[in-house]
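Here is the structure we will look at.
These numbers come from the heavy atoms of this one structure, side chains and all, not from hydrogens, waters or symmetry mates. Each chain gets a letter, A, B and so on, in the order its sequence line appears, and its residues count up from 1.
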Protein chains: 2
Amino acid sequence: MPSIKQVAATAGVSTATVSRVLANKSNVSPEVRARVEAAIAELGYRPNLVARSLRSQRSNTIGLVVSDVRNPFFTEVARAVEDAAYERGFRVVMCNTDEDPEKEALYLALMRDENVAGVILSPAPQAGPRPSAWGHGLPLVVIDREAPLPGLDNIVIDNRKAAAALTAHLLQNGYRRIAGLFGAIGSTGEERRGGFLQALQTHGLDPVAAEYVAPRRAAGADVARELLLREVRPDAIVCGNSLLTEGALVTIRELGLRIPGDVALAGFDETSWQALLEPAITVLAQPTDVIGRTAIELLMGRVAEPAVPPSRVVLDGALIARGSTAPRGS
Amino acid sequence: MPSIKQVAATAGVSTATVSRVLANKSNVSPEVRARVEAAIAELGYRPNLVARSLRSQRSNTIGLVVSDVRNPFFTEVARAVEDAAYERGFRVVMCNTDEDPEKEALYLALMRDENVAGVILSPAPQAGPRPSAWGHGLPLVVIDREAPLPGLDNIVIDNRKAAAALTAHLLQNGYRRIAGLFGAIGSTGEERRGGFLQALQTHGLDPVAAEYVAPRRAAGADVARELLLREVRPDAIVCGNSLLTEGALVTIRELGLRIPGDVALAGFDETSWQALLEPAITVLAQPTDVIGRTAIELLMGRVAEPAVPPSRVVLDGALIARGSTAPRGS
DNA sequence: TTGTAGGCGTTATCAA
DNA sequence: TTGATAACGCCTACAA
């Protein structure tokens, strides 16, 4: 791989001049510029980003550290992030922590040590003291969950409101014995559970259950099974994310129950397939595209101006009512 | 961020000694080592990977460049890759090309320029001349599709055989007017189409259709619509990947057709949700876990020994028969 | 066992 | 407008 030195030699100029051409500086004579460009083309020279980054202490790569690549919410956000970054000439590398604080620390450190411009993060649960990478000057935008540290940019949806809307929808359609399954990690599950309870309380009702569950399909299936085998079964289940919805669905299928006749089902996050079920599943969709684009905007802002006070963006979810929560007895 | 220099200063030694401690070399006296380690801890020093990589010309990060983050096949593979790499002390960064050759070239170049140890790639379609990053000494393992360049490690499944098995399953269950939708990008769709045609031919049948389609949900839906609105409708549809299956499903739902009564449906790739439909969808599952782990193994091998002749690993898919292809008229 | 010094490929400063 | 040259942070001969 040719270096700037060889380009300089071939063009008969100094490395400084090549560097100037590369940086598109104005103070290079047209003929010299042409010679250098010819040499670059001839050698197939490409700037070494490692060296560049070492020298300039920055890069135009940004990191996206997600807690679960298999959660469609994150892949949708990733798509949006990638698009928005690409438009601005930034590249995105994505890492998967699988909700493992150790991996999160590792990848955050990797990002810092690789000199990325900044990181968009959906935090894993925090075990013990904060990993040292946190806040070490690395521009950081936290999405989906409350930032575990103060002073960071943050993008979330109004989870209480969203969960309350989803629950109110069920109540309005005549369901009364409602159970809720919420992610046990981070602020999100907590808030959604809060909105769920609040909506029930407004109607003077108690929940059949309001459980914290590992945000995984298997866990959702297990807890749903326990609920649905009770003597008096819930007539509706609300799930805190699409993996839990999947899990509940697995159990509902296994038990041979009908939706919504035996039990209604509603969850968070729109996926590609929930509308294809019969009946289709009612969801509270998060605006993944806006989340991704806003994350990039906040990050760019922070990279440009590290000292500005952190923003907190709260978006709204959208209720998409479908057959799985059709009015009771209709 | 403290550098090795400051550590050396605080510990009262030279940078070389610090470097030795970092590299766990044996020729450092215990007391000096202790002093250095104390200084490292005190300053919160972390080695700068950029500098290290510039110097040593390698790193323990590997790149995973996929053609579509939203395709569950790739996220499943990504999980497996991450696990296998993590066990070996490697980190994985993932990039999404969205089937865009330009983005692929960009990310491949990024990987090269960032000095990653190697890359696992599912190639986008190749437009025009090969991007310069290809083969420039960067260890590369190609998955899912045939390598567009000779001399590269390659992991695929036996697509002809798999498609033939899926088609034979339909034939065995009494379907005769079978249409196929196959991804228009890369070798995979081609081979699957070949196996599809072969199976039909063995039974002395012609396909109702055997179309190449952009491997996207919308494209699948469009082509399926055209097929299903024909005067004489196919009695079964085979899809070349899960996004196409989704698309076909969208159309089937929109047209109010029943599965498998009006039309049977089968596709490639197991996803989390296809078993949850009623009827559940028959699929030809690829061993994503084996693919991911094998990719890491091949890559590690090539990193260690760049000169060995390339391997080509051909795995088998597994037919998972479900209700969507139940015997005709049963 | 420890230190000195050169260089990995860039960019930026300072002279010329 | 151009060229020497000194860093960026690290590793590794080589010397002590």
Output the rounded distance in Å from [atom1] ([X]) to [atom2] ([N]).
{"X": "B/Asn60", "N": "D/dC10", "atom1": "CG", "atom2": "C1'", "result": "15 Å"}
{"X": "B/Leu49", "N": "D/dC8", "atom1": "CG", "atom2": "P", "result": "18 Å"}
{"X": "A/Asn27", "N": "C/dT11", "atom1": "CG", "atom2": "P", "result": "14 Å"}
{"X": "A/Glu31", "N": "D/dT2", "atom1": "CD", "atom2": "C1'", "result": "12 Å"}

(request) Quick one, give me the B/S/- string for nucleotides 3-10 of chain C, reading 5' to 3', where B means a protein heavy atom under 4.0 Å from the base and S means that only happens at the primed atoms, P, OP1 or OP2. (result) BB-BBBBB
Show every donor-acceptor pair shorter than 3.5 Å between a side-chain atom in residues 34-45 of chain B and any protein atom, with sequence neighbours excluded, or say none if there are none.
unit_1	atom_1	unit_2	atom_2	d
B/Arg35	NE	B/Ala11	O	2.9
B/Arg35	NH2	B/Ala11	O	3.3

(message) Whether the side chain of B/Thr10 engages the backbone of B/Gln6 through a donor-acceptor N/O pair (distance < 3.5 Å, no angle test) should be reported.
(response)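 Side chain of B/Thr10 to backbone of B/Gln6, a donor-acceptor pair under 3.5 Å: yes, one is there.
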(message) When you measure from the side chain of B/Asp98 to the backbone of B/Asp100, do you find a donor-acceptor pair of N or O atoms at a distance under 3.5 Å?
(response)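 Not at all, since once roles are kept as given, no pair shorter than 3.5 Å links the two residues.
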(message) Both B/Val28 and A/Lys25 contact DNA chain C. Which one's nearest nucleotide lies toward the 5' end?
(response)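 Closer to the 5' end of DNA chain C: B/Val28.
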(request) Compute whether any side-chain donor of one residue and acceptor of the other, for B/Ser59 and B/Ser53, lie under 3.5 angstrom apart. (result)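 There is no such pair (donor and acceptor under 3.5 Å, judged by atom type) between the side chains of B/Ser59 and B/Ser53.
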(request) Using a strict cut-off of less than 4.0 Å between a Lys/Arg side-chain nitrogen and an Asp/Glu carboxylate oxygen, indicate whether B/Arg145 and B/Glu99 qualify as a salt bridge. (result)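 A salt bridge links B/Arg145 with B/Glu99.
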(message) Taking the basic N atoms (NZ, or NE/NH1/NH2) and the acidic carboxylate oxygens, is any pair closer than 4.0 Å for A/Asp68 and B/Arg79?
(response)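 Looking at B/Arg79 together with A/Asp68, the answer is no, because their closest N to O distance does not fall below 4.0 Å.
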(message) Heavy atoms only, 4.0 Å cut-off, all strands: where does B/Val32 land among base, sugar-phosphate and nothing?
(response)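 The residue B/Val32 makes sugar-phosphate contact but no base contact.
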